[in-house]
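Below you'll find the structure, written out as structure tokens, and then a few comments.
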Amino acid sequence: NCTDDKDSVLYCESDCLVQALHLDYGYNSDINQANEYLKQDEIYTVQKVQVGRSSSEIVLKEFPNVTFNTVHFTRVK
């Protein structure tokens, strides 16, 4: 369930699929967390996306108590 006319992960809704591609993007804390939980090229299911002014976070159903920087993901079509 992604907004059909938007390619960005920022427009994903619950149950949208995203792929972890850029685990080395973001601040050091983002990179460390991504590498702790995520696998490169793995597909995950979105629980929610929180869009902020300077950065945005994504919560995955696979890790419901962890937030990740959206720069690590691309939307799966």
Side-chain angles (χ1 to χ4, degrees):
N1 289 4
C2 285
T3 303
D4 290 336
D5 62 341
K6 304 291 183 185
D7 288 330
S8 173
V9 70
L10 298 178
Y11 297 99
C12 285
E13 299 171 354
S14 182
D15 296 324
C16 179
L17 298 178
V18 293
Q19 185 174 21
L21 289 181
H22 310 290
L23 302 185
D24 58 342
Y25 285 17
Y27 294 107
N28 285 337
S29 59
D30 297 327
I31 294 167
N32 292 338
Q33 183 160 296
N35 283 293
E36 181 179 344
Y37 288 94
L38 304 173
K39 292 181 182 174
Q40 181 71 24
D41 299 323
E42 191 78 17
I43 294 176
Y44 298 96
T45 305
V46 172
Q47 180 171 318
K48 66 180 174 179
V49 176
Q50 301 166 339
V51 179
R53 287 184 174 200
S54 61
S55 67
S56 298
E57 297 177 326
I58 190 167
V59 178
L60 304 171
K61 289 192 173 185
E62 294 82 356
F63 309 105
N65 298 315
V66 182
T67 58
F68 299 97
N69 191 320
T70 55
V71 299
H72 302 302
F73 302 95
T74 190
R75 178 177 158 184
V76 175
K77 294 184 180 185

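Heavy-atom basis, side chains included; hydrogens, waters and symmetry copies ignored.
Atom CG in Leu60 sits 8.5 Å away from atom CD in Gln47 (nearest 0.5 Å). To the nearest 0.5 Å, atom CD1 of residue Ile58 and atom SG of residue Cys12 are 6.0 Å apart. If you take CD on Glu57 and CG on Asn69, they are separated by 7.5 Å, rounding to the nearest 0.5 Å. Annotation: the span from Glu36 atom CD to Leu23 atom CG amounts to 12.5 Å, rounded to 0.5 Å. A distance of 8.0 Å separates CD of Gln19 from CD of Gln40, quoted to the nearest 0.5 Å. Distance CG/Asn35 to CG/Asp30: 11.0 Å, rounded to 0.5 Å.
Val51 and Val9 fall within the same hydrophobic cluster, defined by Ile, Leu, Val, Met, Phe, Trp and Tyr side-chain heavy atoms under 4.5 Å apart, directly or through other members. No continuous path of hydrophobic side-chain contacts links Val66 to Ile31 [ILVMFWY only; heavy atoms under 4.5 Å].
Residue Lys48 places its NZ atom among 12 or fewer non-hydrogen atoms of other residues, nucleotides or ligands, all under 6.0 Å distant.
Checked by atom type and distance alone, the side chain of His22 never pairs as donor or acceptor with a backbone atom of Val71 at under 3.5 Å. Using modelled atom types, no side-chain atom of Gln33 and backbone atom of Asn28 make a donor-acceptor pair closer than 3.5 Å.
The shortest heavy-atom contact between Ala20 and Lys39 is CB-O, 3.7 Å.
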Worksheet item: Step by step, would you call Thr45 with Asp15 a side chain to side chain contact (heavy atoms under 4.5 Å, CB included)?
Response: CA-CA 5 Å; Thr45 305; Asp15 296 324; 4.0 Å; yes
Item to complete: Any chance you could lay out the side chain to side chain contact (heavy atoms under 4.5 Å, CB included) test for Leu21 and Asp41, step after step, and finish with the verdict?
Response: CA-CA 5 Å; Leu21 289 181; Asp41 299 323; 3.2 Å; yes
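Under the side chain to side chain contact (heavy atoms under 4.5 Å, CB included) test applied with Phe73, the options Ile43, Leu38, Leu10, Val46 reduce to a single match, Leu38.
Ring geometry, Tyr44 versus Phe63: the interplanar angle falls from 30° to 60°, so the pair is classed tilted.
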